[in-house]
Number of protein chains: 2
Amino acid sequence: MARRQDRAAGGTNGTPDGGKALKRKTTPTISDVAALAGVSTATVSKSLNGRDGISPTTRAKVVAAAEQLGFRSNALAQSLLSGRSYTVGLITNDSFGRFSIPVMLGAEDALQAGQIAVLLCDGRDDPIRERHYIRTLAARRVDGIMVTGRRADPRPPITLDFPIPVVYAMCESTDPRDASIVPDDEHGGTLAVEHLLATGRTSIGHVTGPSDFRAVRLRAAGAEHALRRAGLSLAGGGPLHGSWSEEWGRQAATILLRARGDLDAVFCGSDQIARGVADGLRAAGCAVPDDVALVGFDNWTVMTEASRPPLTTIDMNLPLVGRRAAETLLASIEGTATSGTELVPCQLVVRESTRV
Amino acid sequence: MARRQDRAAGGTNGTPDGGKALKRKTTPTISDVAALAGVSTATVSKSLNGRDGISPTTRAKVVAAAEQLGFRSNALAQSLLSGRSYTVGLITNDSFGRFSIPVMLGAEDALQAGQIAVLLCDGRDDPIRERHYIRTLAARRVDGIMVTGRRADPRPPITLDFPIPVVYAMCESTDPRDASIVPDDEHGGTLAVEHLLATGRTSIGHVTGPSDFRAVRLRAAGAEHALRRAGLSLAGGGPLHGSWSEEWGRQAATILLRARGDLDAVFCGSDQIARGVADGLRAAGCAVPDDVALVGFDNWTVMTEASRPPLTTIDMNLPLVGRRAAETLLASIEGTATSGTELVPCQLVVRESTRV
DNA sequence: CGGCAGGATGAAAAGGATTTCAACAGCTTT
DNA sequence: AAAGCTGTTGAAATCCTTTTCATCCTGCCG
C-alpha cells in the first residue's frame with residue numbers, strides 16, 4: 001500500500017525520540033519538586049500557584065527546583081480535584097467543511113483565551129456516532145458542548161442525560177430554550193440589495209439555491225424587503241431557485257436575460273452561483289459590471305477572486321459566529337446561561353462586480 | 001454588534017437546561033453505585049469492567065444500580081491512575097484548511113477507533129502559539145502529538161522537553177529520526193503522465209506552482225521520469241512555474257499553445273491551475289479533451305466538477321495520510337516506534353478532460 | 001521574662017477509579 | 001473433624017494536586 005522512503009540516516013534508530021531522549025524516566029511530580037526543594041508538597045503547590053503565605057526565599061527555592069526538574073502540573077489531577085476539566089467538546093456535522101471551519105477557528109480562539117481546550121468530534125450526520133461522542137465527552141467531564149454543522153434548517157437538540165451547557169453555532173436548535181448563534185441571513189440579503197440600489201440599479205434579479213434551505217428563504221426575504229422599501233420588486237417576479245452550482249448560475253443568467261431585457265443587477269445566493277452567473281452573462285455578451293452588476297454570498301475567496309470580475313459579496317462573519325458561541329458557552333459554564341437565538345450581522349465586501 | 005431574535009417561548013427561562021434539568025445534584029460516583037448496590041467500590045469496578053472473580057448475581061446487582069444512577073466512569077480519574085489520557089494533540093498550521101481537513105478527518109477516524117480523543121490546536125504559523133499549545137498538551141498528559149500543516153518544504157521539528165511520541169502528517173520534519181507521513185508527489189506526477197501517454201498523447205506540457213515548493217519539484221520530477229522512460233520530454237522544455245491560481249493557468253495555456261503548435265496534453269500542478277488552463281485553451285479555440293487533454297492535481301471537487309470539462313486529476317489520498325499517521329502514532333504510543341518518512345501513494349481519478 | 005500575635009510551613013484529607021492482597025465462606029478431601 | 005482448596009468480596013494503597021487547619025517559630029509587647 002505505502003512505500004517507505006530510503007534515508008541515509010536514522011533508519012536504524014528504533015526509539016521514538018532517537019538521541020533526544022531525556023534521562024528522566026517519568027514526568028516529575030510535585031513530590032519530586034518538594035523533595036528537591038526540601039519542603040512539603042503543600043508549599044510547592046502554593047509557591048507555584050502564587051498563593052500567599054509563602055516567604056520569598058522558599059518560593060524562590062521551589063521555583064528553582066521546579067525549573068530544574070522541568071515540572072509541569074498534571075492537569076488531570078487538577079481537574080479531578082476542581083471538578084472542571086477546562087475542556088469543551090466540539091461536535092460538527094459538516095465534517096469540518098467550508099462553513100464549520102471558520103466558525104470553529106473563531107471558537108477555538110475565544111476558548112483558548114479562557115484556557116479551555118477543544119475536543120474534536122466529527123458526527124458525520126450519523127446520530128449513532130453523535131450519541132457515542134456525547135457519551136465520551138460526558139465521561140471526560142467536559143465543561144460544555146458546542147454543536148456546529150452545515151447550514152440548513154434547525155436541527156433537533158442533542159440529548160444529554162446529564163446537565164452540561166450546550167451552544168449551537170451555525171445550526172440552530174429546534175428547542176427555543178437552547179442557545180444558538182447563527183448568521184443573520186435576512187440582514188445579508190438586505191445589505192446586498194441596498195448596495196445595488198445605492199449604486200443606481202433598479203432591475204434586480206435573485207438567483208439562489210433550493211428553496212427548502214432556510215437560509216435561502218431568509219436571504220430572499222431580506223432582499224425583497226429592501227426592494228419593497230424602494231418601491232421595487234425582484235426582476236423575474238421572484239427568486240430563481242436551483243442547485244448550489246456554477247452550472248445553475250450559468251443557466252440562470254440566460255433565463256434572466258431572456259425574461260428581462262432591462263436587467264441591470266443580480267444578487268446571488270452563493271459565490272459559486274454568482275461566478276456561474278458571471279460566466280453566463282459574459283457568454284451572452286453582457287458586461288459585468290457595466291451592463292449588469294453582481295453580488296454573491298459567502299465571501300469564499302476561491303470563488304470571489306477567481307471570478308471575472310472579482311465578486312462583491314456578503315460575508316457572514318463566521319469566525320465571529322464561532323467567537324460569540326464560545327463566549328456564550330463560557331458564560332453558561334460560569335453560570336450565566338442564555339437562551340434563544342442570537343443573530344450575527346453580515347457584512348458587505350465590495351469588489352469589482354459592482355463597480356459604478 | 002449582534003441583535004437578539006425575539007421568541008415567543010423560552011425567553012424568560014434563565015437556566016441553561018430549562019425544564020430538562022435533572023434532580024441529581026452532581027454526577028454519581030462509583031461510591032454511590034457501591035452504596036446503592038450494597039457492595040464495595042472494588043466490586044463495582046470489577047463488575048463494570050468485566051473483570052472476573054465476580055459472581056453473576058453481584059454483577060447483575062451492580063449493573064442495575066449503575067444503570068439506575070446513570071453512572072458514567074470519570075475518565076479523568078481513570079487517566080490519573082493509568083497514566084494514559086487516551087488523548088492526542090493535533091497541531092496544525094494550515095488553520096485546518098483544504099489540505100489539513102481531510103488529513104485530520106482520516107486521523108480522527110483512526111484514533112476514535114482506538115478510543116482516543118483529539119485535542120485541537122491551531123498553531124497559525126506562530127511559533128510562540130505553537131509552544132504554548134505544546135505546554136498545554138504536556139500538562140494534559142496527552143499520549144501523543146500529531147503535527148500537520150499546509151504542504152510545503154519540511155519543517156523544523158517541534159521541541160518537546162518531555163518524551164512523547166510525535167508524528168508529522170503532510171508536513172515532513174527535517175529531522176529524519178522523526179516519523180513523517182506525506183503523499184508521494186513524485187508518484188502522482190508519474191501517474192498523471194503515464195495516463196496521458198496511455199491515451200496516446202505525446203506532446204505534454206506541465207504548468208505548475210512556484211518552484212520553491214518541494215511538492216512542485218517532486219511532481220515535475222515524476223512527470224519527467226515517466227516521459228523519459230517513453231523517450232520523450234516536456235513540451236516547452238520544462239515545467240512552467242507560476243502562482244497557484246486560475247489566472248496563471250489561463251496565461252500558461254496561451255504560452256504553451258504559442259510555443260508548441262502540436263501540444264496535445266497538459267499536466268497541471270493543481271486543479272485550480274488546470275481549470276485556468278481549460279478556460280485558456282477554450283478561449284484560444286482549442287477543444288478539451290479533443291485537441292488537448294488535461295490532468296490536474298488535488299482532486300478538489302469544487303474545481304474538478306465546475307471545470308468545463310470536468311477534470312481528470314490526481315488524488316493524494318489525504319484521509320489515508322491521516323489514517324496512516326494516526327496508526328503510526330498509536331503504534332508509537334504502544335511502544336513500537338517508527339522513524340523516517342512514509343510515502344502514501346496517489347491515485348488517478350479519470351474524468352472527461354482526458355476522454356479519448 | 002512570659003504571653004501573644006502573626007507569619008510560615010506541613011500533615012492530612014479530598015477528588016474518583018483501579019488493583020492488589022488478605023480475609024472469609026463454603027466445599028471437598030483425607 | 002481437620003486441613004486444604006476455591007471462589008467472592010472488601011480494605012487499603014495508588015495516581016497527583018490542592019486546600020484546610022494545626023503546628024511551630026519568631027519577634028514584639030507588657
Side-chain angles (χ1 to χ4, degrees), chain A residues 24-63 65-66 69-87 115 136 138-143 162, chain B residues 24-63 65-66 69-87 115 136 138-143 162:
Chain A
R24 222 184 308 116
K25 269 106 180 55
T26 63
T27 49
T29 72
I30 199 172
S31 312
D32 299 329
V33 179
L36 180 61
V39 297
S40 72
T41 61
T43 305
V44 174
S45 176
K46 286 178 217 159
S47 304
L48 263 29
N49 293 316
R51 298 274 169 288
D52 44 42
I54 297 290
S55 73
T57 340
T58 311
R59 194 181 297 266
K61 208 165 51 180
V62 169
V63 168
L69 259 41
F71 169 75
R72 304 249 85 222
S73 184
N74 185 331
L76 265 36
Q78 288 176 316
S79 294
L80 182 56
L81 193 56
S82 68
R84 281 204 49 184
S85 62
Y86 288 91
T87 306
Q115 299 277 43
T136 305
R140 289 175 185 268
R141 300 294 191 265
V142 293
D143 297 332
F162 47 91
Chain B
R24 223 182 305 117
K25 268 111 181 56
T26 64
T27 49
T29 73
I30 198 172
S31 312
D32 298 330
V33 178
L36 180 61
V39 297
S40 72
T41 61
T43 304
V44 173
S45 176
K46 286 177 218 162
S47 303
L48 262 31
N49 293 315
R51 300 271 170 290
D52 45 42
I54 296 290
S55 72
T57 339
T58 311
R59 193 180 298 264
K61 208 165 51 180
V62 170
V63 168
L69 258 42
F71 170 75
R72 304 249 84 221
S73 184
N74 185 331
L76 264 39
Q78 290 175 314
S79 295
L80 182 56
L81 190 57
S82 67
R84 283 204 47 186
S85 63
Y86 289 89
T87 306
Q115 299 279 44
T136 305
R140 288 175 186 267
R141 300 292 191 266
V142 293
D143 297 333
F162 48 91

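Values below: every heavy atom of this structure, side chains too, minus hydrogens, waters and symmetry copies. Every chain is numbered from 1, with letters handed out A, B, ... down the list of sequences. Here the structure is a predicted model, which means the values were calculated and not measured.
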Let me know the distance between [atom1] of [X] and [atom2] of [N], rounded to the nearest Å.
{"X": "A:Ile54", "N": "D:dT18", "atom1": "CD1", "atom2": "P", "answer": "13 Å"}
{"X": "B:Ile30", "N": "D:dG10", "atom1": "CD1", "atom2": "P", "answer": "12 Å"}
{"X": "B:Arg84", "N": "C:dT18", "atom1": "CZ", "atom2": "P", "answer": "15 Å"}
{"X": "B:Asp32", "N": "C:dG15", "atom1": "CG", "atom2": "P", "answer": "11 Å"}
{"X": "A:Leu80", "N": "D:dT14", "atom1": "CG", "atom2": "C1'", "answer": "13 Å"}
{"X": "B:Gln78", "N": "D:dC16", "atom1": "CD", "atom2": "P", "answer": "16 Å"}
{"X": "A:Arg140", "N": "C:dG15", "atom1": "CZ", "atom2": "P", "answer": "23 Å"}
{"X": "A:Asn49", "N": "D:dT19", "atom1": "CG", "atom2": "P", "answer": "7 Å"}

(message) On a heavy-atom basis, which atom in A:Val33 and which in A:Val62 lie closest, and how many Å separate them?
(response)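 It is CG1-O, 4.0 Å.
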(message) Mind checking if B:Thr58 touches a base, just sugar-phosphate, or nothing, with heavy atoms under 4.0 Å?
(response)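 Counting heavy atoms under 4.0 Å across all strands, the contact made by B:Thr58 is with sugar-phosphate only.
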(request) Could you check whether B:Ser55 gets within reach of a base, just the sugar-phosphate, or nothing at all, counting any heavy atom under 4.0 Å? (result)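 Touches sugar-phosphate only.
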Can you tell me which nucleotide in [options] comes closest to the side chain of [X]?
{"X": "B:Leu81", "options": "D:dT18, D:dC16, C:dT18", "result": "C:dT18"}
{"X": "B:Val39", "options": "D:dG10, C:dA17, C:dT9", "result": "D:dG10"}
{"X": "A:Ser73", "options": "D:dA12, D:dT17, C:dA17", "result": "D:dT17"}
{"X": "A:Thr29", "options": "D:dC16, D:dT18, C:dT9", "result": "D:dC16"}
{"X": "B:Ala42", "options": "D:dT17, C:dT20, C:dG16", "result": "C:dT20"}
{"X": "B:Asn74", "options": "C:dG10, C:dA17, D:dG10", "result": "C:dA17"}
{"X": "A:Arg51", "options": "C:dT19, D:dT19, D:dT18", "result": "D:dT19"}
{"X": "A:Lys46", "options": "D:dT18, C:dG10, D:dT9", "result": "C:dG10"}

Give a yes or no on whether the backbone of [Y] and the side-chain of [X] come within a donor-acceptor separation of less than 3.5 Å.
{"X": "B:Ser79", "Y": "B:Ala75", "value": "yes"}
{"X": "A:Asp143", "Y": "A:Tyr86", "value": "yes"}
{"X": "B:Arg59", "Y": "B:Ser47", "value": "yes"}
{"X": "A:Thr58", "Y": "A:Ile54", "value": "no"}

(request) Using a cut-off of strictly less than 4.0 Å, decide whether B:Ser40 has a side-chain nitrogen or oxygen near OP1 or OP2 of D:dA11. (result)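 The answer is no; no side-chain N or O of B:Ser40 sits under 4.0 Å from OP1 or OP2.
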(request) Ignoring backbone atoms, test whether B:Thr43 places a side-chain nitrogen or oxygen under 4.0 Å from the OP1 or OP2 oxygen of D:dG10. (result)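 So the side-chain polar atoms of B:Thr43 do come within 4.0 Å of the phosphate oxygens OP1 or OP2 of D:dG10, strictly under.
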(message) Under a plain distance cut-off of 3.5 Å, with no hydrogens placed, do A:Thr87 and A:Arg141 share a side-chain donor-acceptor pair?
(response)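 Not at all, the side chains of A:Arg141 and A:Thr87 share no donor-acceptor pair under 3.5 Å.
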(message) Taking the nucleotide of DNA chain D with the nearest heavy atom to each, does B:Arg141 or B:Thr41 sit closer to the 5' end?
(response)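 The residue closer to the strand's 5' end, by nearest nucleotide, is B:Thr41.
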